[in-house]
Amino acid sequence: KFSSFIPFSQAAQAIEAGYYLVRYGPLILAGNDIMESFQLILGLAKKLELPAYHRLGSPDFFGGLYYSMGEHWGQRGRVPEMETAQHTVDGEVPEVDRGQLLMLRHLTRLLLVSKESTPTDAQRLLRQAMPGAELVLAEMSSVPAIPSFFLVCSREMKVAYLVMPGTRKLSDLVTDFNATEEAFGDGFGHRGMVEAARWMHEQVGPALIRLYTSGYRITLLGHSLGAGVGALLTLILRPHISSLCCYGFGTPACVDENLMPQLLNCMVSVVNRDDLVPRLSVNSVQGLLESVLCPGQVAKTQAWMKEDWQAVKDFERIIELRRRGQKEAEGDSSASPSNDVIEDESMKLMMLMEAGVDRTRALRALRSEHGDLNSAMLRATAEMETSE
């Protein structure tokens with residue numbers, strides 16, 4: 001069970017790195033920030049003691065992850081119906097209740113309030129997101145296991161929302177990384193989130209129960225880390241608040257298979273398309289490693305990396321040639337030509353001479369056209385025709 005809980009903030013940064021790889025192509029492989037983020041995958045695999053850990057430092061893994069994602073997106077592009085087919089149940093895509101969609105839209109606005117850095121700013125934004133609502137309690141925590149939260153109430157509508165943001169500060173990272181199992185109810189949960197949920201129960205639980213007995217409808221709302229804490233807090237408070245429900249956006253893996261059924265009727269978890277964070281588990285990570293490092297994928301990865309690396313070198317050469325041409329066009333005659341420039345000019349000169357242009361005319365045409373071989377060939381040919 002230990003391996004069911006992972007430090008999802010590390011993985012989230014790694015997935016973000018993968019997104020930039022796919023979006024910007026092989027050139028991004030040289031970016032320090034991206035490579036540093038990918039190193040987090042190594043730490044994740046080491047923490048989970050995965051069998052393939054010793055192979056994760058190889059180009060086969062980094063390149064394989066990039067090309068596997070590219071293949072997947074390519075398949076989606078060729079067959080747009082594929083994504084729909086992946087979400088069909090009994091041949092049909094389940095329809096979401098319109099009322100629930102409107103509710104989710106309202107909740108996303110409340111989540112924006114939780115991104116503010118001070119209670120004053122949160123209250124100011126709350127007036128726009130939910131007119132008539134008040135910020136009753138707020139905690140801007142910088143201590144591990146004490147999550148930040150905002151308690152929002154509307155007296156007119158008799159509703160109360162406990163809003164919990166995702167990872168905001170270094171203290172939240174400590175909670176993320178405290179990913180070992182913790183006994184919780186009839187099962188186990190992510191230790192850092194369990195501790196945070198228990199603190200919330202002690203400090204905020206009485207206020208929520210008091211609101212509930214006063215006729216308020218209580219809703220928990222969280223994103224990422226906050227969604228995980230909200231899920232566990234829901235399990236704690238459900239016996240005291242029978243109508244309690246929780247909405248989580250990007251909810252991480254925070255409970256085991258014994259606790260999950262208890263949340264089916266009281267929690268809505270929203271996953272944004274291919275967001276990998278909610279899907280992270282030791283089985284999915286192990287499956288990813290096996291698919292990326294299988295012999296067939298490794299062979300394709302090595303072939304494609306060779307092609308792309310050559311394309312990168314060709315691209316760099318084109319940029320360098322344009323830079324040289326620009327310097328010559330600006331009349332930068334004071335600097336002596338480098339060995340590379342001389343070698344490049346000699347090669348072009350030889351090509352022109354092999355095409356039947358005498359050396360003097362070829363050299364003059366090349367310098368007149370700032371090293372452009374095609375233009376130099378046209379100029380030299382025109383001069384030859386004129387002289388004849």
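At distances below 3.5 Å, not a single donor-acceptor pair connects side-chain atoms of Y247 with backbone N or O atoms of S269. Of the possible donor and acceptor atoms, one in the side chain of R191 sits under 3.5 Å from a partner among the backbone N and O of E181. Looking only at distances, no side-chain donor or acceptor of T251 sits under 3.5 Å from a matching main-chain atom of G228. The backbone N or O of R168 lies less than 3.5 Å from a partner atom in the side chain of D172, making a donor-acceptor pair. When atom types are taken as modelled, the side chain of D256 and the backbone of F188 share a donor-acceptor pair closer than 3.5 angstrom. Using modelled atom types, one side-chain atom of R238 and one backbone atom of S242 make a donor-acceptor pair closer than 3.5 Å. Distance alone, capped at 3.5 Å, is enough to place a donor-acceptor pair between the H190 side chain and the M193 backbone.
By the 6.0 Å contact criterion, CG on D186 is open, its count of non-hydrogen atoms from other residues, nucleotides or ligands being 12 or less. Counted within 6.0 Å of NZ on K115, heavy atoms from surrounding residues, nucleotides or ligands total 12 or fewer; the atom is thus considered open. Surrounding CZ of R217 are at most 12 heavy atoms belonging to other residues, nucleotides or ligands under 6.0 Å away.
For the pairing with L162, the side chain to side chain contact (heavy atoms under 4.5 Å, CB included) check across L211, V136, L208, V152 returns one residue only, L208. Between M200 and the choices L220, L233, L237, I146, the side chain to side chain contact (heavy atoms under 4.5 Å, CB included) rule is met once, by L233.
Distance check, rounded to the nearest 0.5 Å: OG of S154 to CE of M130 gives 4.5 Å. Expressed to the nearest 0.5 Å, how far CG of D121 lies from CG of L125 amounts to 9.0 Å. Atom-to-atom distance recorded for D60:CG and K300:NZ is 13.5 Å, nearest 0.5 angstrom.
Cluster membership for M157 and L221, using ILVMFWY side-chain heavy atoms within less than 4.5 angstrom, is shared. L111 and V271 are members of different hydrophobic clusters when ILVMFWY side chains are connected at heavy-atom separations under 4.5 Å.
A tilted orientation is assigned to the rings of F149 and W199, their planes being inclined by 30° to 60°.
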